[in-house]
Every structure is written in C-alpha cells, then in structure tokens.
Asks: 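Quick one: the structure is below, and I'll ask about it shortly.
Below, chain A is the first sequence line, B the second, and so on; all start at residue 1.
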2 protein chains.
Amino acid sequence: MYVLNGDEMAKRETTQDKLLNAAEALFAEQGFEQTSLRQITTAADVNLASVNYHFGSKKALIQAVMARYLEVFMPALQTKLQQLGQQESFNTRDVFDCFREPLSGLSQVQKHGPTLFLSLLGFAYAEIQGHLRRYTMEHFGEVMALLLETLHQANPQLSPVDMFWRLHFVLGATVFAQVSGPALREIAAADFGEAVAAEQVIDRLIPFLAGGVDAA
Amino acid sequence: MYVLNGDEMAKRETTQDKLLNAAEALFAEQGFEQTSLRQITTAADVNLASVNYHFGSKKALIQAVMARYLEVFMPALQTKLQQLGQQESFNTRDVFDCFREPLSGLSQVQKHGPTLFLSLLGFAYAEIQGHLRRYTMEHFGEVMALLLETLHQANPQLSPVDMFWRLHFVLGATVFAQVSGPALREIAAADFGEAVAAEQVIDRLIPFLAGGVDAA
DNA sequence: TATAAATTAAAACGCATGTTTTAAATGTAT
DNA sequence: ATACATTTAAAACATGCGTTTTAATTTATA
C-alpha cells in the first residue's frame, strides 16, 4: 500500500481548491465574465463538469472565490475601524490607513492575496452583474455603514450626503486603479522609466483619496 | 404622389440613425458587451442584419456611437484647455472646470447627451475590451497629453509621474461615478430623501477630484 | 417605363458559453 | 470481497451570440 509522505500531503490539493486557485488567478486578470469555465478547468487540470458538481454554478464559484477573502478581510477591517473610533480624535488619512493591515494580512490566504483581492473587488464592482454587486454589497454593506460613520467623525464639517458621494468616488478611484493597474504600471514604467510595484499603487492612492475627501 | 410635409421630413430617421440612437441608449444603460445586436435592432425596429450592412460589425457600431460625441467634445475641451493655458496663473479646480462647457454642449447632439456620453465613456474604460480602450485612448490621447501638461502647470510641485497616477485616479472616480451613477442616485435618494439629478453628480465630483490632485 | 443599384427581410451558419447527462473510476464502508 | 456512495470523465445539450447568405423589396437612374 502506497502512503503519502509529508511533502506529498502538503501538495495534495482537492479539486475544489485547484478550482478556487485557478479561478481567482484568471478572474483577477481578466474579470469574471471574460473568464470561461473551460479556461478555469483547463488551468486547474480538472474536468469541465467539476465546477458544476462541486459548486453548482459559475455564479457560486465566483462567490466562493470572493468569500475566501471577504471572510478574512471584513472582520479585520471592522476591528480596525472600531479601534480608531474609540480614539477621541482622528483624520481622514487615519481612516484610510485602517485598510492597510487587513489588506496585507490577506497574504496569509495566498501569496499575492492583497493584490488579487483588490483586483477581484475591482471587477466585482466594475462588472454590472446584479448578483455580484448585490453579493459584495451585502458583505461590504455592514462595514460600509461603519466606514461612512467613521469618515463622518473625521470630517464633521461634511454633511452625510456629501460623505456618501465622496466615499463612492473613493471606491471608484480605488477599483479603477486596481483593474487598470497592470496596464497603467506598464505605461508608467515605459514613460517614466520607473517600475512601480502593485503594492506601491496604494501608497500613491491613499493621499489622493484623503485629499479628495477632505476637499473644501 | 404622396409628399412628406415639414414635420414628417424632420421625423424621418434613416436606419443608421435609428440604430445609433437605440444603440447609445442601450449601451449607456447596460454597457457594450452586455448589449446584443438583437436588443438594439429590436429597439430600433429594424432588421438584425442591418447593423452589419450599414456599419460592418458591432465593433464599428460602438465606435460610431462614441465618435458622434467625441468629435464634438474633444475639440471643445481642447480649446478650453488652450485658453486656460494662456492665463498666467490657474489652479487644479480651474482645469477641471474646463470640462463643464464642452460637456453640457453635448446636449446639442442629444437631449441627454452629457449624461449619455459620460456613461458611454465610463463603460468604454470599465470594459477591458482592447479595441475600445485603444480607440478612446487614440481620441483621448492627444487631449490627455494637453490635460496632463495643464494639470502639471497648475501643480508644479507634483512630479510628472505623480501627476500621471493622480490623473488616472481622477479618471477612475469619474468613470465609476457615471457607471454606477443611476444606482447610487437611487440609494442616495432613499437614504437621504434628496433626489440628485445626474448633472449634479459632476458638481459633487469636481471638488473631490481637485482635492485629490492637490493633496500634499 | 425598364434596368440597375441600394436597402430590407428572413433564415441559416459557425462558434462559444454554461449546464446536464450518462458512464467509468475511485474510494469507503459493511 | 461486496455493495454503496462519491468523484471524475466524456460527450451531448440548449442557448445566445455576431455574422453571412440568399431572396425580396424598395429606391434611384436612364
């Protein structure tokens, strides 16, 4: 009888994990709609039908991919925001800085977790697909309310409706930066001779966002 | 022999115009990929094959829809930017205000031209389709260079590469605001009891953008 | 009015997608 | 070892898409 040794045990991936890993990489690169089940199953080296067998549908696979990150990220962000809320004074920049640790913490679930997650989130918002928008909104919704409230505390001079709009502008800039990030980094590298790592884009983004929110 | 009177002459739409009008409305609402030729030709009340007969392909139809607006908007924006460039001193806000007149001028080509155009532009960027990105970049590219230069004049303290990134963040926030504009206006109206016209979104957007670009 | 060109209509084509079905293989208990 | 459930494999299915083809019809031209 053949027994797996430790290394082989570690390497052994279930079909579902193979699918999740292959899918998230392709989704983050091409978007959800543009990625076919045949691409995914080929990359994962499993049978085409296994997506429907293990997940039920493509929709469910997409949500499973998102869930792996959301379940780690959202509670972490919530904690950070709550901690900040207990301070007696903070500014917009402090609020956005709350995203940094939860984001980089995603490298636990995957080596390039932080980048992948932001790309996925970007596509989730960019693609108008109802179910995805609803799904992410459901999971983002609770934290969003807290975020809105925290931002309002940081900027009491702005009315709630003003903050609502600015928060969504923030979301748009973030999403867009991630989705078109690879292309932009290429252009930037070509035009300015200076390579920019994916992680550094967020360092450029945060001051921009804080400036926008704080604007008169 | 039956002769059309003045009114009937004016109402008479060629098949191509029927297609362009039906297409732009559906594109602005659903995006380019999500809109099928069958939807378009049904809405336009023409035969399915007429898209390929008159335009050659769906791709060409999309570009024709964009061209109707770009050909009006881009020269107008260019003029405005050049005028501003001749002033000896101006700030970021002045640069973004250059977009207002060219944008509202689009109501000439269609009643809701300004809103439609921004939505179309939003989808053109949001959808990763190569040809659209290239096409709009080609037509946006010349003006983009001028815009980048003008913004740099307004903010000499920012390095060109910094300004490059911030300009793209600006684009992202704008695009996103338009694409998800209808949904957001709904939420805002429900949550804050205050209806926001599509045109007013840009009034909220511009201060945000200027603040972001000007950020330390 | 007769002829040619341009346009519209209807149907079919080729292709890719997500999903389902049916059969084989594998694993797991009794 | 046998019977059962789980998983994989291969093929087919149904659907919607952009496009092309062929024929009918309208419009323009001589």
Side-chain angles (χ1 to χ4, degrees), chain A residues 1-4 8-9 11-27 29-66 123-124 127-132 135, chain B residues 1-4 8-9 11-24 26-27 29-66 123-124 127-132 134-135:
Chain A
M1 185 204 205
Y2 182 75
V3 177
L4 296 173
E8 280 165 324
M9 281 287 282
K11 267 184 200 166
R12 184 66 150 228
E13 270 184 313
T14 128
T15 298
Q16 314 199 17
D17 284 336
K18 283 205 256 180
L19 279 171
L20 286 173
N21 291 332
E24 83 170 9
L26 287 165
F27 286 156
E29 192 183 341
Q30 307 177 335
F32 301 101
E33 299 229 308
Q34 320 293 332
T35 302
S36 74
L37 294 185
R38 281 164 179 85
Q39 276 184 280
I40 294 170
T41 51
T42 300
D45 196 40
V46 301
N47 189 268
L48 167 61
S50 51
V51 169
N52 287 276
Y53 177 78
H54 285 289
F55 294 93
S57 68
K58 183 183 180 182
K59 229 153 86 167
L61 173 62
I62 293 174
Q63 295 184 0
V65 167
M66 294 303 293
F123 279 113
E127 297 184 6
I128 307 301
Q129 273 197 264
H131 83 96
L132 245 183
Y135 177 83
Chain B
M1 183 204 203
Y2 183 74
V3 177
L4 297 172
E8 282 165 323
M9 281 286 281
K11 268 184 199 166
R12 184 64 151 231
E13 270 184 312
T14 124
T15 297
Q16 313 199 19
D17 283 338
K18 284 205 255 181
L19 280 171
L20 286 173
N21 290 332
E24 83 169 10
L26 287 165
F27 286 155
E29 192 184 340
Q30 307 179 335
F32 300 102
E33 300 227 309
Q34 320 293 333
T35 303
S36 73
L37 295 184
R38 282 165 177 84
Q39 276 184 279
I40 294 170
T41 51
T42 300
D45 197 39
V46 301
N47 189 269
L48 168 60
S50 52
V51 169
N52 287 275
Y53 178 78
H54 285 289
F55 294 93
S57 68
K58 183 183 180 180
K59 229 154 85 168
L61 172 63
I62 292 173
Q63 295 184 359
V65 166
M66 293 304 293
F123 280 112
E127 297 185 7
I128 308 300
Q129 272 197 265
H131 82 96
L132 244 184
R134 259 180 278 118
Y135 177 83

Asks: Atom CG of A/Asp45 to atom P of D/dA10: distance rounded to whole Å?
Replies: 11 Å
Asks: Could you tell me the separation between the CD atom of B/Gln39 and the P atom of D/dC17, rounded to a whole number of Å?
Replies: 7 Å
Asks: For B/Lys18 and C/dT8, what is the distance between atoms NZ and C1' respectively, to the nearest whole Å?
Replies: 11 Å
Asks: What nucleotide, of C/dA10, C/dT19, D/dT8, holds the atom closest to the side chain of A/Leu48?
Replies: C/dT19
Asks: Report yes if the side chains of A/Phe55 and A/Gln16 come closer than 4.5 Å at any heavy-atom pair, otherwise no.
Replies: yes
Asks: Of the options D/dT21, C/dT20, D/dT19, whose atoms approach the side-chain atoms of B/Ser57 most closely?
Replies: D/dT19
Asks: Write down the distance between CZ (B/Phe32) and P (D/dG18), rounded to a whole number of angstrom.
Replies: 14 Å
Asks: Looking only at the side chain of A/Leu37 (C-beta and beyond, no hydrogens), which of the listed nucleotides C/dT8, C/dG18, D/dT20 gets closest?
Replies: C/dG18
Asks: Would you mind classifying the nucleic acid contact of B/Thr35 as base, sugar-phosphate or nothing, using non-hydrogen atoms under 4.0 angstrom?
Replies: sugar-phosphate
Asks: State, with a plain yes or no, whether a side-chain heavy atom of A/Thr42 is found less than 4.5 Å away from one of A/Leu48.
Replies: no
Asks: Does a side-chain N or O of B/His54 approach OP1 or OP2 of C/dA6 to a distance below 4.0 Å, or not?
Replies: no
Asks: Without decimals, in angstroms, what is the distance between A/Ile40 CD1 and C/dA16 P?
Replies: 17 Å
Asks: Between A/Ser50 and A/Arg38, which is nearer to the 5' end of DNA chain D once each is assigned its nearest nucleotide?
Replies: A/Ser50
Asks: For B/Gln30 and B/Phe27, indicate whether the former's side chain and the latter's backbone hold a donor-acceptor pair under 3.5 Å.
Replies: no
Asks: Round to a whole Å and report the spacing from CZ of B/Phe55 to P of D/dT20.
Replies: 16 Å
Asks: Counting just side-chain N and O atoms, does B/Thr15 come under 4.0 Å of either OP1 or OP2 of C/dT8?
Replies: yes
Asks: With a 4.5 Å cut-off on side-chain heavy atoms, are A/Val51 and A/Leu19 touching?
Replies: yes
Asks: Rounded to whole Å, how long is the line connecting atom CG of A/Asn47 with atom C1' of D/dA9?
Replies: 5 Å
Asks: B/Asn52 has an atom CG; how far is it from atom P of C/dA9, in whole Å?
Replies: 15 Å
Asks: Reading DNA chain C from 5' onward, which residue's closest nucleotide shows up sooner: B/Ala49 or A/Val51?
Replies: B/Ala49
Asks: Which nucleotide in the set D/dT7, C/dT7, C/dT17 lies at the smallest distance from any side-chain heavy atom of A/Ser36?
Replies: C/dT17
Asks: Among D/dT19, C/dG18, D/dT8, which nucleotide has an atom closest to any side-chain atom of A/Tyr53?
Replies: D/dT8
Asks: Which one, C/dT19, C/dT21, D/dT20, comes nearest to the side chain of A/Lys58?
Replies: C/dT19
Asks: Do A/Lys18 side-chain atoms and A/Ala43 backbone N/O form a donor-acceptor pair below 3.5 Å?
Replies: no
